[in-house]
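Working notes, structure below.
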Amino acid sequence: MKSPYVAVAPTELQKSTEELAYQLLNWVLVNETADGLLVGRIVECEMYQGPDDRGAHSYGGKPTDRTRVMYGSPGYAYVYLIYGMYYCLNVVTEAEGVPHAILVRALEPLHGLDTMKRNRMLKTTRNTAELTSGPGKLCQAFGIDRRHYGHPLWASPLYLAHALTPWPSFQVARGPRINIAYAGEARQYPWRFWVYNNPHVSKPTNSVTTLEQALPDPFWG
DNA sequence: ATATAGATGTACT
DNA sequence: GTACATCTATATT
């Protein structure tokens, strides 16, 4: 499948978890499927930093069948099943042995909206803002499931890529992560990042800890 | 607008 | 057995 998008280089995925979380908001997610090219701008993500982060699946530091990929090299997909029905996509970060990852929580759909709608099978048809405004929604829209577990996210068919042109300047909001009530102190860490005022964010009204101007993607010079 | 229940498979954080 | 990095359908302000 032909795609005008330039996949990121593996070396671009070797930044620290925090740097990469910021960087993701400059990038897009691409899936080259049999039903066409699916593309969305990443507008929301959360970082999980085991083994000390009580919110992380890697809390405690003991690899399991599910979490093993988090302990490997950066840039691979950690995909897991949640509530028996939905998948969530993470980008593994940091060197081997450091089980960090970034959960991709929302996208702004750019190409392949018709396929996304079909994949989502909504009874009540609503606006496109609901196509990929959540970690389970975006995986369903993009056809991401356990087959993508361990997939290198710089390679076809599923990869991170640079935008075709730089985004207009935007602000990055940071705040507490969603739905980790069990995580004790860690629940308040401002480890959620999103494009401020973007309509495709999953929980736009959640509290903002900091707001700052986005750094441009170094890719554009 | 907000609130609630229910679906469903896997890990036990 | 229980909790889960979720979402939808239905019901009520």
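Below, chains carry the letters A, B, ... as their sequence lines are ordered, and counting in each starts from 1.
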Whole-Å distance separating the CZ atom of A:R177 from the C1' atom of C:dC4 | 15 Å
For the residue pair A:F219 and A:H162, does the interplanar ring angle fall in the parallel (under 30°), tilted (30 to 60°) or perpendicular (over 60°) class?
-> parallel
Check: A:R177 side chain, A:A186 main-chain N or O, donor-acceptor pair, under 3.5 Å = yes
What is the distance, rounded to the nearest whole Å, between atom NZ of A:K203 and atom C1' of B:dT2?
-> 13 Å
Base, sugar-phosphate alone, or nothing: which one does A:D65 contact when heavy atoms must sit under 4.0 Å apart?
-> nothing
Heavy atoms under 4.0 Å, any strand shown: does A:A56 hit a base, just sugar-phosphate, or nothing?
-> base
Which whole-number value in Å describes the distance from A:R187 CZ to C:dA3 P?
-> 16 Å
Does C:dT6 have A:Y83 stacked on its base, where the ring centres are within less than 5.5 Å and the planes differ by under 30°?
-> yes
So does A:H57 get a side-chain nitrogen or oxygen closer than 4.0 Å to the phosphate oxygens (OP1/OP2) of C:dA5?
-> yes
To the nearest angstrom, the CE-P distance between A:M85 and B:dT8 comes to 6 Å
Specify the residue among A:Y86 and A:K62 whose closest nucleotide of DNA chain B lies further upstream toward the 5′ end.
-> A:Y86
Can you check whether A:R146 has a side-chain N or O nearer than 4.0 Å to OP1 or OP2 of B:dG9?
-> no
Under 3.5 Å, is there a donor-acceptor pair between the side chain of A:T67 and the main chain of A:M70?
-> no
Round to a whole Å and report the spacing from CG of A:N90 to C1' of B:dT13.
-> 14 Å
Base partner of C:dA11, which must satisfy Watson-Crick or wobble distances under 3.5 Å = B:dT2
Atom CE of A:M121 to atom P of C:dA9: distance rounded to whole Å?
-> 11 Å
For A:S58, answer base if it contacts any base atom (sugar-phosphate contacts may also be present), sugar-phosphate if it contacts only those atoms, and nothing otherwise; contact means non-hydrogen atoms under 4.0 Å.
-> nothing
Starting at CE of A:M70 and ending at P of C:dA5, how long is that distance when rounded to a whole Å?
-> 12 Å
Is the backbone N or O of A:G50 less than 3.5 Å from a side-chain atom of A:H100, with the two atoms forming a donor-acceptor pair by type?
-> yes
Can you tell me, in whole Å, how much space there is between the P of C:dA3 and that of B:dA5?
-> 15 Å
Of C:dC4, C:dT8, B:dC12, the nucleotide closest to the side chain of A:I82 is C:dC4
Kindly say if A:R105 contacts the phosphate of C:dT6, meaning a side-chain N or O under 4.0 Å from OP1 or OP2.
-> yes
Any side-chain donor paired with an acceptor under 3.5 Å for A:Y78 and A:S58?
-> no
Has A:N179 got a side-chain N or O lying under 4.0 Å from the OP1 or OP2 atom of C:dT6?
-> yes
Nearest-nucleotide pick for A:Y78, side chain only, options being C:dC7, B:dC12, C:dA5 | C:dA5
Establish, for the pair A:R147 and A:Y87, whether the NZ or CZ atom is under 6.0 angstrom from the six-membered ring centre and no further than 45 degrees off its axis.
-> no
Across the strands shown, which category fits A:L81 at heavy-atom distances under 4.0 angstrom: base, sugar-phosphate, nothing?
-> sugar-phosphate
Pick base, sugar-phosphate or nothing for A:G134, based on heavy-atom distances below 4.0 Å to the nucleic acid.
-> sugar-phosphate
In whole Å, what is the span from the CG atom of A:N206 to the P atom of C:dA5?
-> 16 Å
If we call it a pair only when both distances are under 3.5 Å in a Watson-Crick or G-U wobble match, what pairs with B:dT8?
-> none
Select base, sugar-phosphate, or nothing to describe what A:G84 touches, counting heavy atoms under 4.0 Å on all strands.
-> base
Below 4.0 Å: OP1/OP2 of B:dT13 and any side-chain N or O of A:Y80 | no
